[in-house]
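Take a look at the structure below.
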Amino acid sequence: MNEPKIEELVLDVLIPLNLSLPTFAMYLVEYKNIESVEVSLIEIDRNTVSLEVAIQGHDIDYDSLKDHMSEQGAVIHSIDKVFVTNMKE
């Protein structure tokens, strides 16, 4: 039997001010099972940048992705959307 798989996430993310959006987006899209990434600027504070990050792929491991993002100093503030599939046999 197939298990449910995360195919899409929309996240509210904080990144350090010195990390560029293109660099962060390219870092994410190179991660396993990620096919596309869209990063939108929400707000710039004194030390951080708030982003909306839309991620599409197949069988995305959220916990692993969260750890991967933290290597760049990013913190997930909230999960705003999740799309899960479960292909039945």
For residues 5-13, run the donor-acceptor check on the side chains, cut-off 3.5 Å, and write out each pair with its distance to 0.1 Å, sequence neighbours left out.
residue : atom : partner : partner atom : Å
Glu7    : OE2  : Thr85   : OG1          : 3.1
Glu8    : OE2  : Lys81   : NZ           : 3.4
Asp12   : OD2  : His77   : ND1          : 3.3

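- When all heavy atoms are compared, the tightest approach of Ser70 to Asp67 is OG-O, 2.7 Å.
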Go through it in stages, so that I can follow the logic: the residues are Leu17 and Asn47, the test is side-chain contact (heavy atoms from CB on, under 4.5 Å), and I'd like the CA-CA distance, side-chain angles, deciding distance and then a yes or no.
CA-CA 5 Å; Leu17 191 58; Asn47 298 317; 5.6 Å; no
Enumerate donor-acceptor pairs with a distance under 3.5 Å from any side-chain N or O in residues 18-30 to protein atoms, sequence neighbours excluded.
residue : atom : partner : partner atom : Å
Ser20   : OG   : Thr23   : N            : 3.2
Ser20   : OG   : Thr23   : OG1          : 2.7
Tyr27   : OH   : His68   : O            : 2.8
Tyr27   : OH   : His68   : ND1          : 3.2
Tyr27   : OH   : Glu71   : OE1          : 3.2

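- Scored by the side chain to side chain contact (heavy atoms under 4.5 Å, CB included) test, Asp63 finds Asp61, Lys66 as partners (sequence neighbours excluded).
- Under a hydrophobic clustering in which Ile, Leu, Val, Met, Phe, Trp and Tyr are joined whenever their side-chain heavy atoms come within less than 4.5 Å, directly or via other members, Ile55 and Val82 fall into the same cluster.
- Hydrophobic cluster membership is shared by Ile15 and Ile79, with clusters built from Ile, Leu, Val, Met, Phe, Trp and Tyr side chains linked at under 4.5 angstrom.
- Residues satisfying the side chain to side chain contact (heavy atoms under 4.5 Å, CB included) test with Ile42, not counting sequence neighbours, are Ser50, Glu52.
- Within 6.0 Å of CD on Gln72 lie more than 12 heavy atoms contributed by other residues, nucleotides or ligands.
- Remark: Ser36 pairs with Gln56 by the side-chain hydrogen bond (donor to acceptor under 3.5 Å, both in side chains) rule, at least two apart or across chains.
- Under a hydrophobic clustering in which Ile, Leu, Val, Met, Phe, Trp and Tyr are joined whenever their side-chain heavy atoms come within less than 4.5 Å, directly or via other members, Met69 and Val75 fall into different clusters.
- Criterion: ILVMFWY side-chain heavy atoms under 4.5 Å apart, direct or through other members. Under it, Leu14 and Val53 are not part of a common hydrophobic cluster.
- Residues passing the side-chain hydrogen bond (donor to acceptor under 3.5 Å, both in side chains) test with Asp59, sequence neighbours excluded: none.
- At a threshold of 4.5 Å between side-chain heavy atoms, the hydrophobic network of Ile, Leu, Val, Met, Phe, Trp and Tyr places Ile76 and Leu41 in one connected group.
- Across Pro16 and Gly73, no two heavy atoms sit closer than the pair CD-O, 3.5 Å.
- For the side chain to side chain contact (heavy atoms under 4.5 Å, CB included) test, residues two or more places apart in sequence or in another chain that qualify with Glu35 are His58.
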